[in-house]
Trainee: 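Would you mind keeping the following structure in view while I ask a few things?
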Amino acid sequence: MTQAQAKVNKAPAKTAITPTRAENFPEWYQGVIKAADLSENSPVRGCMVIKPYGYALWENIQRALDDKIKAVGVQNAYFPLLIPLSFISREAEHIDGFAKECAVVTHHRLEKGPKGNLIPSPDAELEEPFIIRPTSETIIGDSMAKWIQSYRDLPLLLNQWANVMRWEMRPRMFLRTTEFLWQEGHNAFATKQEAIDDMMKMLHVYNDVYENYLAIGGIMGEKTSDERFPGADNSITIEAMMQDGKALQACTSHNLGQHFAKSFNIQYQGTDGQMHTCHTTSWGFSTRSVGGLIMSHADDDGMVMPPKIAPHQVSIIPIVKDDGAAVIAHCQKLAARLKEKGIRVHLDASDARSSDKMWSAIKKGVPLRVEIGQREMDEGNLTHIRRDLGRDSKTTVGENEFIGTVQAVLDAMQADMLKRSRDFTRGNIHEMKTLADVDAFFKGDGVGFCKVDTNLTMNDPEGFKKLKSEHAISHRCMPFEDEGRKVLLGKSY
RNA sequence: CGGAGCAUAGCUCAGCUUGGUAGAGCGCUACGUUCGGGACGUAGAGGCCGGAGGUUCGAAUCCUCUUGCUCCGACCA
């Protein structure tokens, strides 16, 4: 037996995260968030504190998406957090959808109550309460109505990065929090076709970010009517499959038709001299994507960050004996060279033990870990390990060679992660002929989505309703590739 | 908002049945030996036992009421 084999054999099966994915997926998910230092619960139920490392991740995602949004000609703006109650009531379906989860601001002053505690002052009750935005269609619609006069003002393409609130019964970190961060785009057009094209275009922008940055290969498709956004004619989505086979609605893009335009008088005078009602779209992408990232890629040792959005792409860990000043100085030079190449590099020069530094980098999902000890320094070498492949990928190379190939290594990891995500998703979509097959599938703890003819569930609403409640499944989407003939069914977050 | 669990040190938990005034492991601090997939020794710091009542000479422990968290479901990005 070689030394290497002996080492592998006695290597502990211990994982950094307990329980493991197989043992308890929801608890594992929370364990990863904690171990990777992404976020934590706040004193306010349903809200979370996004910690610096988690926020750096969100900023990287945000930057990638923001650049693409601007590249298609959309302008950023900012609209108020508070929305007059009367606004939200104007679109009937919209209010039906959101009324249950709106936080309401009713007072503008506090005063000392009878027990010496602070209470909202009874004299300071607002005549018209405000709601905290659950989404901004209405208040942006109000502005659009003012800003659009002529066909020359169209299209009007607006986006805002904001926080929104939806009072959640069952919060889950990143996936469903009462307050969350997102971008919401709101565009107005002269014609129906332009709006439909825009809805489609923005979903493809999202898909670009999901595939090429988050390395998640989801399924683009249209929502069935029962899953549509309140107040939309069409809703389209990316449904991503998590490692436990459940679906995550990764983002949405809506064709709002003329519903909001009519409610808010978004009109333009056409070349014909007549007044016409606009067609609007809205599209959103939230911090939920971070939850999707975790459930797509993390493993039993913690987070795995796709290189393109990783806060640290390379973590350099000096393996030091005694004071190690020479090795650390050497690592600093290497870090500077990598930085020059545009690599986001983190040098762990803390006085923690080497093994602790390694595990910290593993749990945080740093794509590439670089280890340099005294002897390697003397020889001009370094050792690097890919996070997604683990110790099997441990490679020792010359430092100059590494500088030349590091970007390619990161690119390869990024590509591999996307491929694994796509293969997993495609491999767990099961085509079925009858609802009885679907029933049997979920009864047998089947993992993934079922794909059936759309008319199977549409023509048998009672049968589908039963299936839905028995297995907690729902229509996920009608994949574009099937042109509406097929629908995916699955459990979801 | 229904159903089920759980609240004791930063974390994971023991102690509760049979009341007697606070424990372990990990983590943290200092020093020393260590450091290539989770080290060890020594010495320390750290808790009005989720909160409020009640029973009692005495409550982490028994009773009542609350609040929070987790999971499952309904609702939703």
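Reminder, nothing fancy here: chain letters follow the sequence lines and each chain counts from 1.
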Trainee: Say we look at G23(B) and C16(B): how far apart would their C1' atoms be, to the nearest angstrom?
Mentor: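 Here G23(B) and C16(B) have their C1' atoms 14 Å from each other.
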
Trainee: Does Ser355(A) get its side chain close enough to the base of G37(B), under 3.5 Å, for a donor-acceptor pair?
Mentor: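 Absent.
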
Trainee: Counting only side-chain heavy atoms from C-beta out, which of C35(B), G37(B), C69(B) sits nearest to Lys394(A)?
Mentor: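 My answer, after comparing the listed nucleotides, is G37(B).
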
Trainee: Please give the distance between the C1' atoms of U61(B) and G20(B) as a whole number of Å.
Mentor: 11 Å

Trainee: If you check the Asn41(A) side chain, which of C71(B), G36(B), C69(B) turns out closest?
Mentor: C69(B)

Trainee: Is there a Watson-Crick or G-U wobble partner for G68(B) with both distances under 3.5 Å, and if so, which one is it?
Mentor: C6(B)

Trainee: As a test of understanding, state which of Tyr210(A), Trp182(A), Trp161(A), Tyr213(A) forms a ring pair (Phe, Tyr, Trp, His ring centres under 6.0 Å) with Phe285(A).
Mentor: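 Running ring pair (Phe, Tyr, Trp, His ring centres under 6.0 Å) over Tyr210(A), Trp182(A), Trp161(A), Tyr213(A) with Phe285(A) returns exactly one hit, Tyr210(A).
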
Trainee: For Thr383(A) and Glu376(A), does a side-chain donor sit closer than 3.5 Å to a side-chain acceptor?
Mentor: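 Yes, side-chain donor-acceptor contact under 3.5 Å.
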
Trainee: Taking the same atom, C1', in G46(B) and in A30(B), what whole-Å distance lies between them?
Mentor: 15 Å

Trainee: Taking the side chain of Ile319(A) as heavy atoms from C-beta outward, which of G36(B), C11(B), A77(B) is closest to it?
Mentor: G36(B)

Trainee: From C-beta outward on Ala472(A), which listed nucleotide comes closest to its side chain: G36(B), C75(B), G73(B)?
Mentor: G73(B)

Trainee: Nearest of C71(B), G37(B), A74(B) to any side-chain atom of Met169(A)?
Mentor: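 Within the option list, the nearest is A74(B).
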
Trainee: Across all strands, who's sitting opposite G37(B) as a Watson-Crick or G-U wobble pair, both distances under 3.5 Å?
Mentor: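 Looking at the geometry, G37(B) pairs with no nucleotide.
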
Trainee: Closest approach to the side chain of Glu168(A), judged atom by atom: which nucleotide of A77(B), C69(B), C71(B) is it?
Mentor: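 So the nucleotide nearest the side chain must be A77(B).
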
Trainee: Consider the side chain of Ala16(A), meaning its heavy atoms from C-beta on, and name the nucleotide among A77(B), G38(B), C35(B) that approaches it most closely.
Mentor: G38(B)

Trainee: Are His186(A) and Phe79(A) an aromatic pair, judged by ring center distance below 6.0 Å?
Mentor: no

Trainee: Quantified in whole Å, what is the C1' atom distance between nucleotide A60(B) and nucleotide A9(B)?
Mentor: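 To the nearest whole Å, 14 Å.
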
Trainee: If we take the C1' atom in both A59(B) and G2(B), what is their distance in whole Å?
Mentor: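 It comes out at 34 Å once rounded to the nearest Å.
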
Trainee: Considering every strand shown, what is the Watson-Crick or G-U wobble mate of G44(B) when both distances are under 3.5 Å?
Mentor: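 Because both required distances fall under 3.5 Å, G44(B) counts as paired with C28(B).
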
Trainee: Looking only at the side chain of Gln249(A) (C-beta and beyond, no hydrogens), which of the listed nucleotides C76(B), G37(B), A77(B) gets closest?
Mentor: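 Selected nucleotide: A77(B).
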
Trainee: Can you tell me, in whole Å, how much space there is between the P of G51(B) and that of U8(B)?
Mentor: 10 Å

Trainee: Can you tell me, in whole Å, how much space there is between the C1' of G27(B) and that of C13(B)?
Mentor: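 My reading of the C1' atoms in G27(B) and C13(B) gives 14 Å.
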
Trainee: For the residue pair Leu410(A) and Ile343(A), establish whether any side-chain heavy-atom pair is separated by less than 4.5 Å.
Mentor: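 Contact flag for Leu410(A)/Ile343(A) side chains = yes.
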
Trainee: Can you check whether Phe464(A) and His475(A) have ring centres sitting under 6.0 Å from each other?
Mentor: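 Yes, the ring centres sit under 6.0 Å apart.
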
Trainee: On RNA chain B, compare the nucleotides closest to Glu227(A) and Glu371(A); which residue's is nearer the 5' end?
Mentor: Glu371(A)

Trainee: Side chain of Arg133(A), backbone of Pro80(A): donor and acceptor closer than 3.5 Å?
Mentor: yes

Trainee: Can you tell me how far C1' in G10(B) sits from the matching atom in C65(B), rounded to whole Å?
Mentor: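 Those two atoms are separated by 31 Å.
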
Trainee: Using a distance-only criterion (donor-acceptor N/O pair, under 3.5 Å, no hydrogens), is the base of C76(B) paired with the side chain of Arg176(A)?
Mentor: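 Donor-acceptor pair under 3.5 Å: yes.
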
